[in-house]
Amino acid sequence: MKRRLIPPLAALALCVLTSLAPASAADGGSGVGDPYYPDDGNSGYDVAQYDVRVVYDPARPDHLDGDTTVTARALGDLDRFHLDLAGFDVSSVTVDGLKADAVTREGAHELVVTPARRLRKGAPFSVRVRYAGKPVGDGWIPLANGGVSVIGEPHAATAWYPANDHPSDKATFRLTATVPDGWTVVGNGRPGPVTDDGAGHRTFRWYEDRPLVTYASTMAVDRFTVHTDTLDDGTPVVNAIGPGTIVDAEAEALQKKILGFLSSRFGPYPFSSAGAIVTSSRARQARQAPDLETQSRPTYDVGLFDVAMAHELAHQWFGDSVSFTDWRDGCVAECFASYAQWLWNEHQGGADLDHDFYGPEVEENRADPDYWRVPLYDPGAGRELDPALYERGPLMLHALRRTVGDDVFFRILRQWQSAHRYGNASWPQFEILADELSHQDLRGFFTAWAHSTVIPPDRYLYPGSLATAPRAARPHA
């Protein structure tokens with residue numbers, strides 16, 4: 001099949017990658033140019049690894065001591081560069097072991113570093129930041145038992161370590177956290193050695209060896225009960241169960257079954273560790289989701305339930321392994337994770353998705369223009385995680401499945417994963433892949449479903465076998 005040219009929307013989505021180039025020959029700039037969050041992230045360098053070392057005492061819930069080293073590569077000659085860090089008193093900054101010539105603060109979260117000598121294009125470098133003080137932001141969440149969970153989307157990383165805080169710059173992650181005896185720290189990836197200093201403190205280590213987006217990094221401190229297991233392929237499973245939560249052996253076994261099912265649909269599980277962090281927050285904060293797809297080990301509030309697990313575990317493929325390019329692309333993560341909940345219900349044998357899920361949802365909202373008003377791609381600044389992605393995203397994907405057929409649909413999902421594994425991709429790129437693998441011209445379909453602000457025409461709303469779904473109250477042809 002002849003490949004069609006990348007449409008303007010796709011070209012626009014890919015342009016954000018070029019914004020990672022330095023703003024000038026000597027200044028890294030204060031953002032990557034995200035259309036929704038222009039000050040997020042920092043151009044001029046590419047992070048390879050975060051090495052975050054913190055000391056936290058739940059007896060002092062408003063204080064954190066941090067010592068973070070960011071290893072990166074300069075994308076241009078840099079006389080200065082920016083990191084994202086909210087709050088804290090910064091006591092020292094060194095670049096390649098040399099004290100920085102200057103360290104200043106700009107805006108809400110910019111830490112501007114002038115190294116002792118110019119960083120040359122292509123050169124690796126490391127910047128070490130030591131800081132202390134009160135963590136700020138919605139991502140710092142007190143737990144009912146006195147501990148803390150650090151999670152949040154789109155922003156949470158800057159509440160506890162300096163970062164290039166934009167999804168387009170993924171990096172591996174190491175956490176070393178010291179807490180008083182009796183407390184446990186859980187993070188991303190595989191656990192490392194736990195050491196005791198003999199003076200009432202224990203140090204926990206966690207290593208995530210696959211690149212992550214900063215909002216998917218986490219640290220949870222609580223009096224956890226930790227259960228370990230393995231998946232069928234030998235992948236270790238670590239479940240941290242907080243006091244006052246609702247988790248039993250059946251729920252933990254169900255987690256493994258869901259991972260196995262999702263692997264059969266999306267391809268091999270992408271990370272070297274799996275599991276869950278289950279906490280009980282003191283109070284749910286504004287704009288803070290109780291569950292989040294923290295990489296390799298999702299965080300859940302209160303308990304492990306099948307619908308929540310299907311969603312957050314699907315994010316390990318859609319959002320964590322394959323991450324979006326900028327914040328217009330939220331559907332790359334949320335539409336698929338929401339559809340995974342449908343797929344799990346179907347797999348359980350108790351759901352006819354056409355008649356039990358799709359048809360009733362469409363007909364209930366057919367005459368409601370507000371339901372269709374927000375586009376699924378580029379929903380607008382402040383609406384990057386709009387309910388439309390969670391509600392209409394599954395409808396669109398199910399309609400696509402009925403349009404191209406099951407075999408092609410799941411081949412598209414698996415190819416998407418293998419082509420962009422551990423990287424970034426945009427929603428317009430998904431449209432192109434679906435076009436190519438289906439050997440169909442899907443431009444009309446995606447325009448109606450992902451880019452429009454009105455209900456799709458019936459030929460896209462009820463394709464193929466969906467034509468037999470309930471079709472009452474039809475106000476338009």
Side-chain angles (χ1 to χ4, degrees), residues 1-7 9-10 13-14 232-233 257-271 310-311 313-325 329 331-349 351-354 357-358 376-377 389 392-450 456 459-460 462-467:
M1 176 182 177
K2 182 179 179 181
R3 292 172 61 96
R4 63 183 174 88
L5 296 176
I6 296 177
L9 280 169
L14 295 176
D232 291 342
D233 63 2
K257 291 180 181 178
I258 293 173
L259 279 169
F261 166 70
L262 296 177
S263 296
S264 73
R265 292 293 186 266
F266 305 152
Y269 178 70
F271 301 117
H311 186 104
L313 292 173
H315 272 309
Q316 303 307 299
W317 286 263
F318 293 93
D320 288 358
S321 178
V322 181
S323 306
F324 44 81
T325 300
D329 289 316
C331 194
V332 165
E334 300 304 340
C335 294
F336 293 95
S338 298
Y339 190 55
Q341 298 170 235
W342 288 31
L343 294 175
W344 174 249
N345 275 287
E346 181 183 48
H347 174 68
Q348 292 294 89
D352 178 329
L353 297 188
D354 291 355
F357 285 70
Y358 185 93
L376 298 180
Y377 172 69
L389 277 63
R392 284 182 16 238
L395 295 178
M396 174 182 65
L397 292 175
H398 192 66
L400 176 63
R401 179 181 172 186
R402 289 294 180 250
T403 297
V404 303
D406 277 16
D407 288 347
V408 172
F409 178 75
F410 288 109
R411 191 186 324 141
I412 292 168
L413 300 194
R414 289 190 292 270
Q415 179 63 27
W416 177 255
Q417 288 300 313
S418 62
H420 302 290
R421 194 175 177 92
Y422 309 129
N424 299 82
S426 70
W427 175 258
Q429 287 176 280
F430 179 81
E431 294 182 7
I432 293 171
L433 179 66
D435 241 29
E436 292 175 344
L437 294 187
S438 68
H439 301 289
Q440 296 186 38
D441 185 344
L442 297 172
R443 284 175 293 184
F445 176 92
F446 284 121
T447 295
W449 271 108
R459 65 181 179 276
Y460 301 124
Y462 285 115
S465 62
L466 277 174

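Positions are given from 1 along the sequence. Bear in mind the structure is a predicted one, so any value in this text is a computation, not a measurement.
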Using side-chain heavy atoms (C-beta onward) and a distance below 4.5 Å, is [X] in contact with [Y]?
X      : Y      : result
His398 : Phe357 : no
His311 : Trp344 : no
His420 : Gln429 : yes
Asp320 : Pro270 : no
Pro428 : Asp329 : yes
Phe336 : His315 : no
Arg401 : Leu343 : yes
Arg414 : Arg265 : no

No-hydrogen, no-angle side-chain donor-acceptor test under 3.5 Å, Arg402 and Tyr358: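 No pair is found: no donor N or O on one side chain lies under 3.5 Å from an acceptor on the other.
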Tyr377/Phe446 aromatic ring centres below 6.0 Å: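 Here the rings of Phe446 and Tyr377 have centres that are no less than 6.0 Å from each other.
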Proximity of Phe318 and Phe430 rings by center, below 6.0 Å: no
Exam field: side chain [X] to backbone [Y], donor-acceptor pair closer than 3.5 Å:
X      : Y      : value
Ser264 : Phe261 : yes
Asn424 : Phe324 : yes
Glu436 : Leu433 : no
Trp317 : Gly267 : yes
Asp435 : Leu442 : yes
Trp449 : Tyr460 : yes

Please report the closest heavy-atom contact between [X] and [Y], naming both atoms and the distance.
X      : Y      : result
Ala340 : Ala310 : CB-O, 3.8 Å
Gly393 : Cys335 : CA-SG, 3.6 Å
Ile412 : Ala434 : CD1-CA, 3.8 Å
Leu389 : Cys331 : CD2-N, 3.5 Å
Val322 : Ala425 : CG1-CB, 4.2 Å

If you round to the nearest 0.5 Å, how far is [atom2] of [Y] from [atom1] of [X]?
X      : Y      : atom1 : atom2 : answer
Lys257 : Gln348 : NZ    : CD    : 8.0 Å
Arg392 : Leu376 : CZ    : CG    : 4.5 Å
Leu313 : Leu259 : CG    : CG    : 4.5 Å
Leu397 : Thr403 : CG    : OG1   : 11.0 Å
Arg411 : Leu437 : CZ    : CG    : 6.5 Å

Crowding at CG, Asp232 (>12 non-hydrogen neighbours, <6.0 Å): no
More than 12 heavy atoms of other groups within 6.0 Å of Asp233 CG: yes
Aromatic plane relationship, Trp342 with Tyr339 - under 30° parallel, 30 to 60° tilted, over 60° perpendicular: tilted
Verdict with reasoning, Val332 to Trp416, per side chain to side chain contact (heavy atoms under 4.5 Å, CB included): CA-CA 10 Å; Val332 165; Trp416 177 255; 4.1 Å; yes
Derivation of the side chain to side chain contact (heavy atoms under 4.5 Å, CB included) call for Gln316 and Ser321: CA-CA 6 Å; Gln316 303 307 299; Ser321 178; over 6 Å; no
